[in-house]
Amino acid sequence: MKTDFIPIDYGYFDFQGKNYAKIIGRNQEGKRVCIIDSCPVYLWAILKDNLKQDKINKLIKEIKKIKLDLKGRKTKVEKVELHEKNYLGKKVKAIKIFATNYKDLHDITDKLGMPEIEKRRGYDLGFISHYIIEREITPLCWYEIEGEMLNNSQEFGGIDMALDVDFCIKLETSKKIKEEKKFTPKTLAYDIETDELKIGQGEILMVSLVSENFKKVITWKKSKQKPSWVEYVEDEAELLEKFVEYVREISPDFLVGYFSDGFDLPYLKARAEKHNVKLSLGLDDSQPKFTRGINLKGKINGIVHIDLLKFIKTAYSQYMQSETLSLNEVSKEFLGDTKKDFKLKHSSKIEEKDWEKYYEYNLHDSVLTLKLFEKMWPDLLEFSKIMKEPIFEVSRNGMSKNVESYILHNLEKFNEIPEKKPGYHEISERKQRGKYQGAFVFEPTPGLYENIAMFDFTSSYGSVIVTYNLSKSTFLEKEKENSYNIETEGKKIYFTKKQGFFPEMLKEIIEKRKKYKQELKQNPDVIKKARSNAFKLLANAAYGYQGFFGARYYCEEAAAATAAFARKLIKESIENINKEGYKVIYSDTDSIAFLQNKKTESQVLKFLKKLNSELPGIMELELEGFFKRGLWVTTRAGTSGAKKKYALLGKDDKIKIRGFETVRRDWCGLARQTQNRVIRQILKDGNEKKALENVKEVIKKIKQRKIDKEDLIIKTQLKKPISEYKAISPHVIAARKMKEKEIPVSQGNLIEYYIAETKDKKKLVRDKVKLPNEKGEYNIDYYLNKQILSAVENIFQVFNLNIKEIIEGKKQMTLGDF
DNA sequence: GAAGTGGATATACC
DNA sequence: ACTGGTATATCCACTTC
């Protein structure tokens, strides 16, 4: 049988001791197709240098004899081949050792203790990744496939009968279809509502399901009026059964939730177990399985379960404005829509008339989740295609894992044998290493500046890695002529000039990023945007990857050298810019802000070209922008210019604020808004006097207790369990109070509180903490001094206005002096 | 018991 | 544990006089 096919979900099974990949996907007609395929399974034994042929022959014979007897299952080495390969860029002789089952590779490795063997590699990729590399059936690409249709066949123990698919095909040939064809997946979003937040502790009151042209809330809690999209069941057990029934009926490619790995799916499973209901969601009727470990991952056979929260964290959060990644805030930012207004209560306290509201709330959460998925779909798709890993993995992996996936799937071009994962011991050693020196940050002189230009290096660290060939495989233990070298920690280190595979891959990543960015500019669409962004994220993460203790290609020297070269380059650029007659006022890591000093924009651009012609390798500066005004302030101590804190007014009148309290979520709203207004007035009109008047107004209001308590709430994240805090800060007190009142609090929550007046003269701030709904009056002194004045003081200091003295009505010394 | 200092903590920047 | 280092600011914890 012949058909086209797009792989979506990857799984595998054992049959008669052998591994088979089981890939679920669709064809162009939307029929669900499962292909079953096998691939050679092997690992590498890298031989010691200069081994004589007869020794190798002897070794091969010995390896061929390896037999395993594992838990009653006997297996052996199937075949052995000698190959010329590369390992960390070095030519090596390696023996390819074939086994029947991927799971046996570890045990075979244990038997390869022969002295002729230098290293054993390639046994720890996982079968799916190994299969994708071997057979090149990559996720979400279209294929023309041919194979034997399995129809009530006993070939794989009757697998086709147990699977709910249209065709089950034993793969014979496959050919990638070059042209890009659109694929719109069938998606079902879900969300549950419960009485308790702890997994399985309370009852599931309702579950909502939303797909294209489908919306449903299943519940056993009845209201006066039943909306058409609500379906009543008798009890929780029936709710679970109905849920399974609908998922099976709709049979989506993707089942999507929000924080569903950590909440919805494990909850459903726990409650199903309690009621003895089978949660047979898989296409083979299997129940969801969870990976062990702290971070649960819920997997359903044949249907890709997605927890959107995880993907948003890795792919989007760095660009986002939202203060939390709650469904509500994320929806607001991406969709301009919010959750329905409904105050969650224990079901016993919900009045009959309010249940309808609750249904709507529940339904809308799924609506938002589905819309978010649709918005993120291009990114999920591109991530999966670029990393060549299934969406299930790619949507949950962090960027370091994504970098590693990209590397592993591209090693074959370099004839490279994959490096192994670090072991437990290796990881703890790496973690012990102290920090190496990082980026250079220029200390600004506080002030209000005009006509500022800003340059930055494109993919700065990535470009440094490529330019100076910095990686594990290119690092030289000893000094060598004609190599790149740099001093780090008082010691010179060297890297060969012979291009390594890591820098070469990164070069390609950066080039692709440029290409797609260009294409995007000319002809924008969501796919190009996602593709360009995925390559950008990859390029940016490559540096951190080499310094990350969990990386296969960990190389502390490469990471330290990257930072060192970057420091050198930016300092040289700063010098060159100053030499040209500009004045650099600020720089952080890869960006340089300088005064135009009456030169025109075209002069600046011409100079940029000249700078670029002189930069080494693929290093390149680009124009970040021209700015009308810019503000830099002192640190609180007032002794120096504050780094990582500035505000710019663009040519387009857009204001860019970095580091100021305005952008920090752990300051109260009033302080943030007040500071924001001050910054805006100063940048836009250059009028600090008016800004001062404004602040005076705010202060007056505070003193008159006219400020809304809402604007005084301070939010701080609880980053660990309450009991683990050594220093009991205000937000820990607030969290303790919440616990006392039986308001659920857990690690990761944003704790809200305000500082109140207290009768007794207690000194510590924490003694004045009250929860938002706790009765009390706000502490005038605290908000005046610690929030408002702290936020605006050093801004006015730039204009020699001592706001504290002005407010307190003292003689305006500094002002008078001028 | 006030003042000073270092540590713990959270958050932001790139 | 799930990329890296640099930096600011606050408040607590502790020491010192």
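Only a predicted model underlies this, so the values are computations on that prediction, with no experimental measurement involved. Throughout, a chain's letter reflects where its sequence line sits, starting with A, and its residues are numbered from 1.
No cation-pi contact links A/Lys709 to A/Tyr778, judged by a cut-off of 6.0 Å to the six-membered ring centre and 45° from its axis. Because its NZ or CZ atom is not both nearer than 6.0 Å to the ring centre of A/Tyr782 and within 45° of the ring axis, A/Lys768 does not count as a cation-pi partner of that residue. Relative to the six-membered ring of A/Phe535, A/Arg531 misses at least one condition, a distance below 6.0 Å or an angle of at most 45° to the axis.
Counting to the nearest Å, the C1' atom of B/dT9 and the NE2 atom of A/His731 are 7 Å from each other. Distance, A/Glu661 CD to B/dA12 P: 11 Å, rounded to whole Å. If you take CG of A/Leu648 and C1' of B/dC13, they are 13 Å apart, rounded to a whole angstrom. Taking atom CD of A/Gln717 as the reference point, atom C1' of B/dA12 lies 13 Å away to the nearest angstrom. When rounded to the nearest whole Å, the span between OH of A/Tyr461 and P of B/dC14 equals 12 Å. Atom CG in A/Asp590 sits about 6 Å away from atom C1' in B/dC14, given to the nearest Å. Atom CD of A/Glu323 and atom P of B/dA12 are 7 Å apart (whole Å). Between the CD1 atom of A/Ile733 and the C1' atom of B/dT9 there is a distance of 14 Å, given to the nearest Å.
Between the side chain of A/Arg665 and the base of B/dT11 there is no donor-acceptor pair of N/O atoms closer than 3.5 Å.
Here A/Phe440 lies out of heavy-atom contact (under 4.0 Å) with every strand. Across all strands shown, A/Lys768 has no heavy atoms under 4.0 Å from either base or sugar-phosphate atoms.
Residue-environment remark: NZ (A/Lys401) stays at or below the threshold of 12 foreign heavy atoms within 6.0 Å.
A donor atom on one side chain and an acceptor atom on the other are found under 3.5 Å apart for A/Asn676 and A/Arg680.
Mapping heavy-atom proximity under 4.0 Å, the span of DNA chain C touched by chain A runs 5' to 3' from C/dA1 to C/dA13.
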TODO: In sequence, state the C-alpha distance, the side-chain angles, and the governing distance for A/Lys737 and A/Glu774, and then conclude on side chain to side chain contact (heavy atoms under 4.5 Å, CB included).
DONE: CA-CA 10 Å; A/Lys737 283 195 170 195; A/Glu774 217 174 320; 3.1 Å; yes

